[in-house]
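Predicted, not measured: the structure shown is a model, and the values here were computed from it. Each residue takes its place number in the sequence, starting with 1.
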Amino acid sequence: MVPHLVPRWPVCLFQWRAACTLGACVPQSAWAGASRTPGPGSPRGAVGTSPLVRRGGSSSSSRAPEVMLTRERYPVQRLPFSVVSEEDLAAFERITPGRVVTDPEELEASNVDWLRTVRGCSKVLLKPRTTEEVSHILRYCHERNLAVNPQGGNTGMVGGSVPVFDEIILSTALMNQVISFHGILVCQAGCILEELSRYVEERDFIMPLDLGAKGSCHIGGNVATNAGGLRFLRYGSLHGTVLGLEVVLADGTVLNCLTSLRKDNTGYDLKQLFIGSEGTLGVITAVSILCPPKPRAVNVAFLGCPGFAEVLQTFSTCKGMLGEILSAFEFMDAECMQLVGHHLGLISPVQESPFYVLIETSGSRAGHDAEKLSSFLEHVLDFGLVTDGTLATDQRRVKMLWALRERITEALSRDGCVYKYDISLPVERLYDLVSDLRARLGPKAKHVVGYGHLGDGNLHLNVTAEAFSASLLGALEPYVYEWTAGQRGSVSAEHGLGFKKKDVLSYSKPPAALQLMQQLKALLDPKGILNPYKTLPARA
């Protein structure tokens with residue numbers, strides 16, 4: 001059973017509500033796994049020149065509508081790279097025997113991002129198993145001036161993981177071995193995050209990173225994009241938890257900084273250059289990452305709040321009263337809940353509210369955590385910050401509550417064309433942009449919703465419409481980016497820049513920073529063969 005919080009009642013008198021009311025209209029299979037694995041076949045189809053998604057049919061490429069080529073949709077010109085020849089294919093076959101893919105049908109999935117918004121036309125995909133093979137591939141491509149698109153699980157949101165033109169796709173899918181684990185995990189870049197999570201949990205540890213796409217994404221891709229995710233509030237970014245990297249540079253040089261040392265103050269911390277570089281400076285082949293001990297007690301509370309001011313006060317109170325056991329604080333507005341109910345059949349576990357928050361605690365003593373959580377819940381109810389709520393402690397019910405938050409993206413994709421923005425803002429101004437846009441767009445938009453990681457100031461802003469509209473896009477951009485810049489925010493909180501956001505980088509970084517980034521790119525990849533057309537604005 002899941003406890004149901006009754007407003008203004010002492011915690012010890014909370015009534016109990018049957019857990020089956022949460023998603024009672026949804027088959028059990030719909031809850032299992034899918035909500036935490038948005039990979040290829042989730043949202044699909046797109047049109048226009050913005051990060052947007054169109055509802056569509058099946059995940060099967062044979063039934064899904066064809067995605068327009070990136071080169072036809074966007075104003076981008078191919079750089080003067082060489083074209084793959086038969087001699088090149090023969091050379092690749094010698095380096096990776098039996099693992100050179102040229103079949104167009106097999107290449108199709110790797111040419112299209114999982115949001116189905118961009119599509120390249122690569123004619124070859126390589127599947128190395130070792131760092132040495134990656135080194136040989138890049139050395140050869142550097143000599144031949146062949147562009148390379150590194151690819152992990154292909155779950156990126158900004159078009160950074162697929163070719164723009166005919167770049168060679170270098171997949172890390174077969175580089176999936178754990179090298180060692182002693183509280184610090186050392187593994188190849190192609191290990192799937194969910195499989196690593198299971199591996200370390202069997203040894204009483206957890207990964208410091210958790211994403212909705214964990215069933216598909218690769219740890220190397222996570223590091224390359226500096227993925228944020230659901231545990232950021234507790235464990236921080238990968239810039240802190242990654243201890244070492246092995247990276248192959250554009251000319252095939254292997255940079256082995258795969259240390260497991262917690263402290264190493266010897267010169268420049270080179271690994272930081274590659275965390276978040278999105279494969280433009282080097283190809284990550286192995287990762288050393290610090291794993292926290294597995295918490296013994298996990299609780300999730302799903303609460304209704306009467307306004308965003310109360311959401312902020314609840315967060316402030318939460319930090320003060322839950323302190324060291326607080327591991328996540330997510331929020332969503334009423335329209336998000338309406339969408340997951342309408343499109344996915346998920347039933348709200350609490351009374352209808354203008355806002356909802358999901359709070360997770362993770363600690364080592366169940367009794368200690370329960371006492372702190374009870375005190376917190378009683379406080380927020382007594383002061384009117386929360387009007388209703390429900391609590392879960394067992395794993396199945398915890399996942400059911402998390403699904404309400406994690407499946408918002410899926411519900412949005414079924415609502416029509418979706419214009420997606422992932423931004424960081426000062427917490428006190430986080431929702432103001434949503435309110436401003438609703439007033440600005442009026443009937444042009446079907447829904448304007450806001451949700452995200454309140455604990456780290458990350459807003460996921462989404463606007464839906466029945467169909468793509470150039471006038472709606474014009475009302476959104478550059479307004480959203482200018483508004484964000486006015487608050488000294490970031491135009492990309494955790495999704496990276498990839499192909500779609502590279503030209504708005506200047507809204508978050510000054511000219512001197514952009515110049516230095518260009519210089520670093522020129523130093524490490526002088527021919528520009530690594531993931532071209534991504535991350536950095538095109539030179540004039």
inquiry  = Exactly one of Glu477, His460, Lys501 should register a side-chain hydrogen bond (donor to acceptor under 3.5 Å, both in side chains) with Tyr421. Which one does?
reply    =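 Between Tyr421 and the candidates, side-chain hydrogen bond (donor to acceptor under 3.5 Å, both in side chains) is satisfied uniquely by Glu477.
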Between [X] and [Y], is any side-chain donor less than 3.5 angstrom from a side-chain acceptor?
| X | Y | result |
| --- | --- | --- |
| Asp422 | Asn458 | yes |
| Lys500 | Thr117 | yes |
| Glu494 | His453 | yes |
| Asp333 | Tyr431 | yes |
| His218 | Thr172 | yes |
| Glu360 | Ser327 | yes |
| Trp114 | Asn154 | no |
| Ser469 | Ser471 | yes |

Just so I know, are the side chains of [X] and [Y] near enough to count as touching, which here means a heavy-atom distance under 4.5 Å?
| X | Y | result |
| --- | --- | --- |
| Ile408 | Leu339 | no |
| Tyr419 | Leu472 | yes |
| Asp415 | His447 | yes |
| Leu536 | Thr280 | no |
| Phe308 | Ser435 | no |
| Leu391 | Val300 | no |

[X] atom [atom1]: more than 12 heavy-atom contacts under 6.0 Å:
| X | atom1 | answer |
| --- | --- | --- |
| Glu324 | CD | yes |
| Glu482 | CD | yes |
| Arg198 | CZ | yes |

[X]/[Y] ion pair, N-O < 4.0 Å:
| X | Y | result |
| --- | --- | --- |
| Asp436 | Arg429 | no |
| Glu66 | Arg119 | yes |
| Lys372 | Asp369 | no |

Spatial distance of atom [atom1] ([X]) from atom [atom2] ([Y]) [nearest 0.5 Å]:
| X | Y | atom1 | atom2 | result |
| --- | --- | --- | --- | --- |
| Phe383 | Leu381 | CZ | CG | 11.5 Å |
| Tyr479 | Leu441 | OH | CG | 9.0 Å |
| Ser413 | Arg116 | OG | CZ | 12.5 Å |
| Ile219 | Ile289 | CD1 | CD1 | 4.5 Å |
| Leu344 | Leu404 | CG | CG | 9.5 Å |
| Gln313 | Cys318 | CD | SG | 13.5 Å |

ask   = With distance as the sole test, does Glu330 use its side chain to make a donor-acceptor pair with the main-chain N or O of Ile359 at under 3.5 Å?
value =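 Checking the backbone N and O of Ile359 against the side chain of Glu330, no donor-acceptor pair under 3.5 Å is found.
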request  = Mind running side chain to side chain contact (heavy atoms under 4.5 Å, CB included) on Val178 and Tyr199 for me, showing each step along the way?
outcome  = CA-CA 9 Å; Val178 171; Tyr199 179 90; 3.7 Å; yes
inquiry  = Is it the case that the ring center of Tyr356 lies less than 6.0 angstrom away from the ring center of Phe302?
reply    = yes
task = Just do the side chain to side chain contact (heavy atoms under 4.5 Å, CB included) check on Val158 and Leu497 with the steps written out, would you?
result = CA-CA 6 Å; Val158 288; Leu497 296 165; 5.7 Å; no
Full working for side chain to side chain contact (heavy atoms under 4.5 Å, CB included) between Tyr451 and Glu335 = CA-CA 10 Å; Tyr451 65 97; Glu335 289 196 38; over 6 Å; no
